[in-house]
Amino acid sequence: MTGKEVRQKYLDFFKESPRNHKEIPSASLVPENDPTTLFVGSGMQPLIPYLLGEAHPLGTKLVNSQKSFRAQDIEEIGDNRHTTFFEMLGNWSLGDPARNASHSDAGGYFKKEQLPWFFEFLTKVLGLNPKRLYVSVFEGNEIVPKDTESIEIWKGIFRNVGIEAKEGERIFSYGVEKNWWSRSGVPDRMPPGEPGGPDSEVFFEFSSLKHDPKFGEKCHPNCDCGRFLEIGNSVFMQYQKQSDGSFQELPQKNVDFGGGLERLVAVSENRSDIFSVDLYQPLIKEIEKMTDKSYKDAVNKPSMRIIVDHIKAATFLIADGIMPSNKEQGYVARRLLRRAAVKMHFLMGGFEPRPDFSAIVESVKAMYQGIYFDNNTGEGKIEEIIDEEMNKFAKSLGKGLKILESIQKADAKVAFDLYQSYGFPLEITKEILQIKGQRIDEEEFRREFEIHKNLSRSTSSGMFRGGLADHSEQVVKLHTATHLLQQALREVLGKHVRQKGSHITAERLRFDFTHPKQLKVEEVEKVVKVVNEQIQKDLKVDMKILPLKDAISNGALYVEGEKYPEKVKVYSVGNFSKEICGGPHVVSTKALGYFKIFKEESLGSGIRRIYATVK
Ligand code: SER
């Protein structure tokens with residue numbers, strides 16, 4: 001099956017009766033109003049407010065395919081199954097039926113529906129052989145008992161297809177490292193406010209690899225040998241971490257399912273290499289053409305996988321508005337491109353004048369035409385942006401490679417200098433030195449590498465500044481303040497003002513909007529005054545669920561280019577502001593206290609940025 005088929009079949013399966021899910025669009029890879037991470041790395045991330053109890057405009061049962069990016073996996077790419085960019089197929093139940101009974105689309109579900117449904121999708125829709133499926137559940141700890149309920153459900157499911165599923169043979173129990181899911185990982189790493197819970201994973205066993213003696217007796221679904229591939233994860237998201245470190249049951253019990261599309265396509269064809277499916281092959285073909293080397297040749301595989309993964313990921317990141325830079329998301333995009341360039345250099349044995357990735361980028365856009373790309377949101381510029389970045393890097397690349405060639409002993413200091421002066425990410429230097437067979441002082445290298453990793457960790461996986469992953473009170477206040485700010489800007493500067501971006505941390509809000517010139521001091525003062533007047537009026541914040549068309553015709557502000565579901569939540573602040581928004585917000589504006597703008601700057605091309613806060 002093709003990627004397109006598997007994606008569509010999954011969406012249809014969950015939309016059909018008796019499952020009756022509503023499809024929601026994929027969110028951008030850059031999280032909106034979420035201070036905790038740089039990227040959306042799973043389908044649940046944009047849904048956190050709803051998992052914590054906000055009502056979703058489309059009800060309690062949702063399904064989608066979400067663009068996802070996991071920077072923390074960058075060094076794993078090259079094997080048969082890891083990628084930084086992937087699509088996550090997701091289905092959710094937001095709470096139990098009783099709690100949501102008042103909603104017109106009530107009827108959430110939990111373990112006894114979720115596990116059989118996913119099994120049915122795998123075996124009936126994708127046609128997988130049930131004998132090739134293995135499952136895992138949570139073994140229990142001091143917070144949550146062993147998930148015997150899921151074990152019994154799995155036994156029943158397998159029994160129905162004539163398989164006696166025994167524990168330790170087909171059903172495996174693991175601890176928090178494997179069978180607990182939250183966005184931050186195991187319970188200890190979760191910041192207060194974050195939801196999480198035990199999960200149940202499904203693995204596919206590749207028949208061709210089954211009897212490979214190298215896997216030995218000890219091989220089990222969760223070992224890393226490649227015989228088994230994880231293809232889906234049902235998280236029973238029912239706990240929330242408290243500020244004292246304890247866990248409390250959420251008022252609603254959620255299901256958060258996620259399965260990697262690329263992996264599901266691979267198993268539907270019994271292929272253990274996910275890069276062999278149609279979501280990668282056309283891209284690999286481009287590299288084969290450029291390098292005159294074959295993917296079939298095992299020595300080329302890791303580099304070709306890295307190049308296609310990284311260029312595909314960079315294409316998607318740039319499409320979502322990220323420019324390669326030295327900061328945050330931009331730095332990650334830069335690392336992807338530079339690493340791809342170095343890999344290409346070695347595959348081609350050099351290049352002049354610089355690596356040209358346009359054919360691969362075009363192929364990515366063609367592959368997702370009508371799904372994530374539609375030819376009208378500045379996508380034409382992606383090749384240009386990448387080309388410019390490569391142009392900048394080409395000189396450093398040449399110089400850096402010369403230095404690496406000439407040095408006798410690979411020392412960590414040189415590696416660090418290369419990083420600082422020539423922009424060589426450390427993983428690249430390390431890889432090049434390894435190719436040259438140079439002995440690396442592992443200890444020293446690790447120390448430098450640690451420093452680098454700490455730097456990039458804060459720019460890649462999480463930024464838990466102030467321990468805030470939740471939608472804490474201050475974040476909620478700043479969110480309402482952002483609505484007031486947008487309306488105030490429209491009143492003071494004019495109706496051409498539209499939101500271009502928004503990002504909130506515990507300390508401040510950041511709001512990007514269209515306006516052709518710098519704000520005058522008087523204008524900034526006026527905006528602050530208008531917002532504070534509205535706060536003082538203690539306006540009530542009201543929410544209505546409306547069909548998207550009605551929301552827009554009623555004058556609710558929305559973000560151009562953003563994909564909204566067919567029904568949306570419209571938040572009004574008194575008669576002052578009306579916006580399409582997921583929430584949450586304060587009940588009335590007095591709670592905001594005093595609003596203050598502390599910085600206003602240009603983002604270029606007619607876009608301004610304001611930093612402000614409330615206290
Ligand atoms: N959030 C879970 C995961 O990413 C399931 O969707 O694995």
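Just so you know, ligand 1 is whichever comes first in the structure, and atom 1 is the first atom listed for that ligand.
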**OP:** Give a yes or no on whether the ring-centroid distance for Phe118 and Tyr10 is below 6.0 angstrom.
**Re:** no

Original post:
For ligand 1, which part of Trp181 has a heavy atom less than 4.0 Å away: the side chain, the backbone, both, or neither?
Top reply: side chain

Original post:
So, do Phe172 and Phe203 have ring centers that fall under 6.0 Å from each other?
Top reply: no

Original post:
Taking atom 4 (O) of ligand 1 as the point of reference, which of Gln66, Met44, Arg70, Gln45 owns the nearest heavy atom?
Top reply: Arg70

**OP:** Kindly say whether the aromatic ring centers of Phe228 and Tyr134 come within a distance under 6.0 Å.
**Re:** yes

Original post:
Which of the numbered atoms in ligand 1 are below 4.0 angstrom from a heavy atom of Ser42?
Top reply: 4 (O)

**OP:** Report the nearest protein non-hydrogen atom to atom 7 (O) of ligand 1: residue, atom name, distance rounded to 0.1 Å.
**Re:** Asn233 ND2, 3.1 Å

Subject >> Element-labelled atoms of ligand 1 that are located less than 4.0 Å from some non-hydrogen atom of Phe257 >> reply: 5 (C), 6 (O)

Subject >> Worked check of side-chain contact (heavy atoms from CB on, under 4.5 Å) between Asp273 and Arg305 >> reply: CA-CA 10 Å; Asp273 176 8; Arg305 288 167 176 166; 3.3 Å; yes

**OP:** Measure the distance from atom 1 (N) of ligand 1 to every protein heavy atom, then report the residue, atom name and distance (to 0.1 Å) of the closest one.
**Re:** Asp256 OD2, 2.7 Å

**OP:** Evaluate the side-chain contact (heavy atoms from CB on, under 4.5 Å) criterion for residues Val265 and Leu261: first the C-alpha distance (whole Å), next the side-chain angles of each, then the deciding distance (0.1 Å), finally the verdict.
**Re:** CA-CA 6 Å; Val265 180; Leu261 171 67; 4.0 Å; yes

Subject >> Under 4.0 Å to a heavy atom of Met88 - the qualifying atoms of ligand 1, by number >> reply: 3 (C), 4 (O), 6 (O)

Original post:
Among Gly258, Ser234, Gly90, Gly43, whose heavy atom sits nearest atom 6 (O) of ligand 1?
Top reply: Gly258

Original post:
Run the side-chain contact (heavy atoms from CB on, under 4.5 Å) check on Val267 and Phe206 step by step: do they pass?
Top reply: CA-CA 8 Å; Val267 299; Phe206 293 101; 4.0 Å; yes

**OP:** Output the list of atoms in ligand 1 that are nearer than 4.0 Å to some heavy atom of Val235, sorted by atom number.
**Re:** 2 (C), 5 (C)

Subject >> Validation row, ring centre Tyr571 to ring centre His479 under 6.0 Å >> reply: no

